[in-house]
J.: 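Below is a structure I'd like to ask you about.
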Amino acid sequence: MPLPPNEPPSDFIRDIVADDVRSGKHTKIHTRFPPEPNGYLHIGHTKAICLNFGIAHEFGGLCNVRMDDTNPAKEEVEYVNSIMADVHWLIDGWADKNLNPKAALDQPSTIPPLPWTGYAVASIDHQPFFASNYFEPIYQYAVQLVRSGKAYVCDMTPEETDEYRRIGRESPFREREVAENLDLLARMKAGEFSDGARTLRAKIDMQSPNMWLRDPVLYRIRHATHHHTGDAWCIYPLYDFAHCLSDYLEGITHSLCTLEFEVHRPLYDWILEALELPDSRPKQIEFARLNLTYTVMSKRKLKQLVDEGLVRGWDDPRLPTISGMRRRGVTASVLRAFSYHIGITKYPSLTEVDALEHAIRAEFNRSALRRLAVLRPLKVVITNYPEGEMEELDAINNPEDPSAGSRKIPFSRELFIESADFMETPPPKYFRLKPGGEVRLKYGYIIKCDEVVKNSLGEVIELRCSADLKSKSGGPNSQRKVKGTIHWVSAPHALEAEVRLYDRLFTVPDPDAEGDFKAFINPHSLEVLTAKCEPSLGDAKPELRYQFERLAYFSLDPDSRPNEVIFNRTITLRDTWAKEATKA
RNA sequence: UGCCUCGUGGUGUAAUGGUAGCACGAGAGAUUCUGGAUCUCUUUGCCAAGGUUCGAGUCCUUGCGAGGCAGCCA
């Protein structure tokens, strides 16, 4: 895959931004990433993060992370912390210079380090902004709208409000006097009324073909404790009112959001216009959210999987959450490269997960250290190799990167090979080990299978082989060709490790399109094995990626302990033999 | 139903009125001490019909299809 781009990406949004710079409309570009802290970030958010921080980065501007926290019922501090950890992890070393440091003024950091990476995000420079920090100015703007006759307090029930908007009928409270509206709004704020008893509504146009212009609700009453403002407020602005004003207050120039907010844009513009704000106003631009095959992306569904125990938590490596993918071993640079390659459009597409998998393999092929490990061991005895003898063979750490050097791996009379690398009656074109057949042990000798040992059930439990002792890699006869080369581990030296093999969480490409997405959960999405590994894997580092040769890429799981190594399989190697075997 | 938006190979995208490219996937071959990687090559596309123009994927009209919105969620 194309390496991460030297040249910046190009898309319709960047075109607009570039035009605004060229025309002199803006001298400083300012974007924002505004998650609601009601769940963990997922790979769809990485698209938005890379877009917003990417633009700030390319145009020498800033990007604010802002918690869009106007609904106290759904939001929690845990989510604020996870979001910030994920954002930092994703942009660190790439666009972290564009993270707006002014947010430090908000309050001291309470964000804990990430246990699974040791990565701390406690710097005071790394505070998020909060929409809830603007509750006071937003309220003042509401008062201003009331004063100018552009908003009113409405006493209708939620059901009535819905019905009236649907049929385009005006509220009986629409023509309330300014003074009364002011009084009522103040009393709403003071807590005199119960939840839902009254709302503040914009006075726009009940006949508008755009529903969001039919006197939308600006404030609702909620006697609830807010994760950030506590009990300071009992009225909360809705998204439409809070978002455009938060953008304005932060000096955002380009407010990028997903397609479903398209119909809200006239309201976004109406509010800023109605307030006759003095400074330049932000522009909302919509783009299509990311959809990926074989997974689900909605926070609601992810939360359901977590809450119902169908996965092990928000950071389960099978989930498309940022924390899940990180735990699985996917790196931030892979996610950024992927975001770059999927592009930005207004077409609601469904991206094949192959594109993500390709991005992972492309990076890991370049960077991962090669190691030998056997997932499903079959014992092999080299009958002509002396008992008790051991030698160390040279093994290359990464053929794609000579600077990665080499290491020694022990060889002895008793080995393990992958059980799939032996077949008693193989199909055509199978060039691994078979009775009477030869194969090379990677970095070692060419061996020949002389005898197959079975148990009482007729299962193969051991192979007795003879080695061509002159055929050792680098030795006199090392040029001799055999069709197959397989990986192996010396039995007495093998390190046992738990390996967690992950597969797609769903069995269908578009679980969202089916009725009940949970009916399509892949029952084999997790398989746990005990692998036999070369000894050097005892020193595996959490920040490194490993290719178990001929198998897959792995990384250390945070559950690992000094003498208890656990590996997560991030992604298998491409396997064209599997395809071939399926054909037969 | 109303309103908004979007339709380029199987998938994701490029083109800014001037030769429809790229990537992923798929297929074939070469090479290989990883059936990986690498290198060749191949395949498949402008939703449809009109119009404007010397020239239309691009502009206009109509039709068709898809997605979004119609919470006191964001």
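Here the structure is a predicted model, which means the values were calculated and not measured. Below, chain A is the first sequence line, B the second, and so on; all start at residue 1.
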J.: Could you identify the nucleotide paired to A48(B), looking across every strand shown and requiring Watson-Crick or G-U wobble geometry with both distances under 3.5 Å?
T.: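 When the pairing criteria are applied, U62(B) turns out to be the nucleotide that pairs with A48(B).
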J.: Less than 3.5 Å between a donor and an acceptor, one on the side chain of Q547(A) and one on the base of G36(B), is that the case here?
T.: no
J.: Within this structure, what is the CZ-to-P distance between F338(A) and U11(B), rounded to whole angstrom?
T.: 16 Å
J.: What is the distance, to the nearest angstrom, from the CD atom on E262(A) to the P atom on C69(B)?
T.: 11 Å
J.: What's the CZ-P distance between F173(A) and C72(B), to the nearest Å?
T.: 16 Å
J.: Is the base of G7(B) stacked against the aromatic ring of Y347(A), taking ring centres under 5.5 Å apart and planes under 30° as the test?
T.: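 Here Y347(A) fails the 5.5 Å or the 30° condition.
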J.: Using purine N1 to pyrimidine N3 plus N6-O4 or O6-N4 for Watson-Crick, or N1-O2 and O6-N3 for G-U wobble, both under 3.5 Å, which nucleotide pairs with C72(B)?
T.: none
J.: Within 45° of the axis and under 6.0 Å from the centre of the six-membered ring of W233(A), does NZ or CZ of K189(A) qualify?
T.: yes
J.: Does a salt bridge link R569(A) with D503(A), judged by any charged N lying under 4.0 Å from a carboxylate O?
T.: no
J.: Could you check whether Y239(A) and the base of A74(B) form a stacked pair, meaning centres closer than 5.5 Å and planes differing by less than 30°?
T.: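 No.
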J.: When you measure from the centre of the six-membered ring of F422(A), is the NZ or CZ of K434(A) closer than 6.0 Å and no more than 45° off the axis?
T.: no
J.: Look at all strands and tell whether R370(A) reaches a base, only sugar-phosphate, or nothing, counting heavy atoms closer than 4.0 Å.
T.: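 Base contact.
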J.: Counting only side-chain nitrogens and oxygens, does T70(A) get under 4.0 Å of the OP1 or OP2 atom of A74(B)?
T.: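 For A74(B), OP1 or OP2 has a side-chain N or O of T70(A) closer than 4.0 Å.
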J.: Distance check, C1' atoms only: G17(B) and C60(B), in whole angstrom units.
T.: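 Those two atoms are separated by 14 Å.
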J.: Just checking M188(A): base, sugar-phosphate only, or nothing, at a heavy-atom cut-off of under 4.0 Å?
T.: nothing
J.: For K299(A) and C73(B), is the shortest distance between a side-chain N/O and OP1 or OP2 below 4.0 Å?
T.: no
J.: Using a cut-off of less than 4.0 Å, is there contact between a side-chain N or O of R165(A) and OP1 or OP2 of C72(B)?
T.: yes
J.: Check every strand shown and say whether E400(A) touches a base, only sugar-phosphate, or nothing at a heavy-atom separation below 4.0 Å.
T.: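 Base contact.
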J.: Which value, in whole Å, describes the distance between the C1' atoms of nucleotides U1(B) and A14(B)?
T.: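 Going atom to atom, C1' in each nucleotide, I get 38 Å.
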J.: In whole Å, measure the gap between the C1' atoms of A56(B) and C46(B) for me.
T.: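 Approximately 11 Å lies between the C1' atom of A56(B) and that of C46(B).
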J.: Give one of base, sugar-phosphate or nothing for T351(A), where a contact means two heavy atoms less than 4.0 Å apart.
T.: sugar-phosphate
J.: Give D15(A) one of three labels, base, sugar-phosphate or nothing, depending on what nucleic acid heavy atoms sit under 4.0 Å from its own.
T.: base
J.: Classify the nucleic acid contact of Y430(A) as base, sugar-phosphate or nothing, counting any heavy atom under 4.0 Å across all strands shown.
T.: base
J.: Do Y239(A) and F261(A) have ring centres separated by under 6.0 Å?
T.: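 Centroid distance Y239(A)-F261(A): below 6.0 Å, so yes.
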J.: With both distances under 3.5 Å as the test, what is the Watson-Crick or G-U wobble partner of G55(B)?
T.: none
J.: Is R361(A) close enough to C24(B) that one of its side-chain N or O atoms is under 4.0 Å from OP1 or OP2 there?
T.: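 No.
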J.: Can you check the I167(A) CD1 to U1(B) C1' distance for me, whole Å?
T.: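 These atoms are roughly 15 Å apart.
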J.: Using the benzene-type ring in the case of Trp, are the ring centres of F548(A) and F567(A) under 6.0 Å apart?
T.: yes
J.: Please report, rounded to the nearest Å, how far the P atom of G12(B) is from the OH atom of Y340(A).
T.: 19 Å
J.: With P as the reference atom in both, quote the distance from C4(B) to U43(B) in angstrom, rounded to an integer.
T.: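 One P to the other, the span is 43 Å.
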J.: Classify L350(A) by what it touches in the nucleic acid, base, sugar-phosphate, or nothing, heavy-atom distance under 4.0 Å.
T.: sugar-phosphate
J.: Between A70(B) and H264(A), counting only base atoms on the nucleotide and side-chain atoms on the residue, is there a donor-acceptor pair under 3.5 Å?
T.: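 Flag unset: no donor-acceptor pair detected.
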J.: So among K299(A), E76(A), K74(A), which one has a side-chain hydrogen bond (donor to acceptor under 3.5 Å, both in side chains) with N38(A)?
T.: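 Filter result, single survivor: K299(A).
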J.: Roughly how far apart, to the nearest Å, are U62(B) and C24(B) at atom C1'?
T.: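 The answer is 36 Å between these two C1' atoms.
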J.: For atom P, what is the distance between C64(B) and G71(B), given to the nearest Å?
T.: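 To the nearest whole Å, 27 Å.
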J.: Report which part of the nucleic acid P348(A) touches: base, sugar-phosphate, or nothing (heavy-atom distance under 4.0 Å, all strands).
T.: sugar-phosphate
J.: Taking 4.0 Å as the cut-off, does a side-chain nitrogen or oxygen of T161(A) come that near to OP1 or OP2 on G71(B)?
T.: no
J.: Classify K74(A) by what it touches in the nucleic acid, base, sugar-phosphate, or nothing, heavy-atom distance under 4.0 Å.
T.: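 Since a base atom lies under 4.0 Å of K74(A), the category is base.
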J.: Considering only the C1' atoms, how many Å lie between G9(B) and C47(B), rounded to the nearest integer?
T.: 14 Å
J.: Once you apply a heavy-atom cut-off of 4.0 Å, does Y219(A) come out as touching a base, just sugar-phosphate, or nothing?
T.: nothing
J.: Could you tell me whether the phosphate oxygens of G35(B), OP1 or OP2, come under 4.0 Å of any side-chain nitrogen or oxygen in R574(A)?
T.: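 No.
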J.: Let's test this: given Watson-Crick or G-U wobble pairing with both distances under 3.5 Å, identify the partner of G10(B).
T.: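 G10(B) is paired with C24(B).
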J.: I need the OH-P distance between Y294(A) and C24(B), as an integer number of Å.
T.: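 These atoms are roughly 19 Å apart.
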J.: Base, sugar-phosphate, or nothing: which does T258(A) touch, judged by heavy atoms less than 4.0 Å apart?
T.: nothing
J.: Using whole Å, what does the distance between atom C1' of nucleotide U31(B) and atom CZ of F431(A) come to?
T.: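 Distance, rounded to whole Å: 13 Å.
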J.: Looking at T293(A), does any N or O in its side chain come under 4.0 Å of the phosphate oxygens OP1/OP2 on U11(B)?
T.: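 No.
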J.: For a quick test of reading the model: is some side-chain N or O of H358(A) closer than 4.0 Å to OP1 or OP2 of C24(B)?
T.: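 For C24(B), OP1/OP2 do have a side-chain N/O of H358(A) under 4.0 Å.
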J.: Within the structure provided, determine whether F135(A) and I235(A) are in side-chain contact (heavy-atom separation under 4.5 Å).
T.: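 The answer is no; the side chains never approach within 4.5 Å.
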J.: Reckon K346(A) touches a base, only the sugar-phosphate, or nothing at all at heavy-atom distances under 4.0 Å?
T.: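 Answer is sugar-phosphate: K346(A) comes under 4.0 Å of backbone atoms only.
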J.: At under 4.0 Å between heavy atoms, what does G196(A) touch on the DNA or RNA strands: base, sugar-phosphate, or nothing?
T.: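 If one applies the 4.0 Å heavy-atom cut-off, G196(A) turns out to touch a base.
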J.: For L573(A), which contact category applies under a 4.0 Å heavy-atom criterion: base, sugar-phosphate, or nothing?
T.: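 It contacts base atoms.
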J.: Counting only side-chain N and O atoms of R220(A), is one of them less than 4.0 Å from OP1 or OP2 of C73(B)?
T.: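 For C73(B), OP1 or OP2 has a side-chain N or O of R220(A) closer than 4.0 Å.
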J.: Decide side-chain contact (heavy atoms from CB on, under 4.5 Å) for E438(A) and I447(A); before the verdict, give the C-alpha distance in whole Å, the side-chain angles of both, and the deciding distance to 0.1 Å.
T.: CA-CA 6 Å; E438(A) 282 191 324; I447(A) 59 168; over 6 Å; no
J.: Under a 3.5 Å threshold, yes or no: a donor from one side chain and an acceptor from the other, between R407(A) and N397(A)?
T.: yes
J.: Tell me the partner of G67(B), counting only Watson-Crick (N1-N3 plus N6-O4 or O6-N4) or G-U wobble (N1-O2 and O6-N3) with both under 3.5 Å; none if nothing fits.
T.: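 Base-paired to C4(B).
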J.: Could you check which nucleotide pairs with C39(B) in any of the strands shown, counting Watson-Crick or G-U wobble with both distances under 3.5 Å?
T.: G29(B)
J.: I'd like the P distance from C59(B) over to G67(B), given in whole Å.
T.: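 Each nucleotide's P atom is 24 Å from the other's.
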